[in-house]
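Worksheet: one structure, shown below.
Residue numbers count from 1 along this sequence. A quick note: this is a predicted structure, and the numbers were derived from the prediction, not measured.
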Amino acid sequence: MRSPLVQHEIKRAGVWIAMAVAVALVVLLAQPIMLILGALVLTTMMDGGTRLLGRVLPIGRGWRLAIVLLSALLFMGYTFYLTGASLAAQAQAMRTIVEAQVTRIGGWMQQLGVTTTPDDFKSLATQAFSSIGRVTAAVSTMMGAVTSGVMMLVLAIFIAVDPRLYERGVAWMLPMNSRVSFYNVADKMGWTLRRLMFGRLIGMAVEGVGTWLLLLAGGVPMAGLLGILTGLFAFLPNIGSIISGVLIVLVGFSAGVDAGLYAFGVYLVVQIVDGYLIVPMVAKRATDLAPALVLAAQIIFGALFGILGLFLADPIIAMIKVYLEERSKAINDSDDAKAIVVAK
């Protein structure tokens, strides 16, 4: 053991063993890691609301955070209190309508010569939707999903109360010469996520309320439920708009061809407004993520981490992009400084 060669080889072996253990821990702890990342995203939304409220209400941060949380809770409770019973009945009716429409589409394809039956088509659609985001073992049941959501919310509240405390805790574990860079990257990530989530919330509100009002004006059934679902699915770029569009069109055509065409037109108008006005004005300026990159990340994270990975794909990609940009700037600044020293 005193041999320098043996000590050197033991150090090298220790590095490889540590890397193998780290990979194994990432695989085993994938679900808790995604919960922590989800809590950070919720923290960003809470922090953004608290900062925004601070511009008009000069009180302590704790009070502003309490107002934001209480307002969100009251809004959700009020919404479900007013529409809970009707939405439950509409959800059951929508399931029946969607199944009937899928069966009709399967029969129409069979008439065109496609060698499939309506039941096969319905089974294929069910498998496709179920494979979008497979929930992992920790959240495979409704109780697990509720528990995970509560854990994320509680963790987010603790972090939102004093975010700087946890930033200092992470910085304390870094070398002294890396702490300034860490604070800069953390601030840039926080700013980017706040802009991204603010744009996402604005887009959800515009899509949900706009879909509800326009479908209600056109006499399309289940306008309220479709509006809520469209607003919720708007949190998922690309994939969410496709799912909500399919539901809107299927329910619209169940009331007739005119209603179906009108519902399709409403979907196009809402998506155009969100895609060409809301996203460029708010979210794209902060992140500027390519749509294909976001969609690819959603597919990969959805397959690896389930529904949480699907929801958190674009925030994670946004944070990675910020880190790479800041690291590139730091390297360029260091190279410029070295060039100046050499020139002198």
Within-4.5 Å side-chain heavy-atom neighbours: M152 and L308: yes

Under 4.5 Å between any side-chain heavy atoms of F301 and F311, yes or no? no

Less than 4.0 Å between a side-chain N and a carboxylate O, is that true for K329 and E325? no

Among Ile, Leu, Val, Met, Phe, Trp and Tyr joined by side-chain contacts under 4.5 Å, find the other residues sharing a cluster with L216 and list them by chain and number. V209, W212, L213

R61: partners by salt bridge (Lys or Arg N to Asp or Glu O under 4.0 Å), with sequence neighbours left out: D47

Please check this pair: side chain of R179 against backbone of W172, looking for a donor-acceptor N/O pair closer than 3.5 Å. yes

Under the salt bridge (Lys or Arg N to Asp or Glu O under 4.0 Å) test, residues paired with D162 that sit two or more places apart: none

Nearest 0.5 Å please: distance from the CG atom of L293 over to the CD1 atom of I320. 9.0 Å

Are R64 and L52 packed together at the side-chain level, in the sense that at least one heavy-atom pair is separated by less than 4.5 angstrom? no

Taking C-beta and beyond as the side chain, do F264 and I248 meet within less than 4.5 Å on heavy atoms? no

I'd like to check K188 versus V185 (side-chain heavy atoms, cut-off strictly below 4.5 Å). Are they in contact? no

Can you tell me how far CE of M151 sits from CG of L153, rounded to the nearest 0.5 angstrom? 12.0 Å

For R12, which residues count as a salt bridge (Lys or Arg N to Asp or Glu O under 4.0 Å) partner, sequence neighbours excluded? E9

Residue pair L247 / F233, side-chain heavy-atom distance below 4.5 Å: yes

Under a 4.5 Å cut-off applied to non-hydrogen side-chain atoms, are S3 and H8 in contact? no

Using a 4.5 Å cut-off between side-chain heavy atoms of Ile, Leu, Val, Met, Phe, Trp and Tyr, which other residues end up in the same hydrophobic cluster as V68? L53, V56, L57, I59, W63, I67

pair E207-Q271: side-chain heavy atoms closer than 4.5 Å: yes

Co-members of the apolar cluster containing L73 [side chain, <4.5 Å]: none

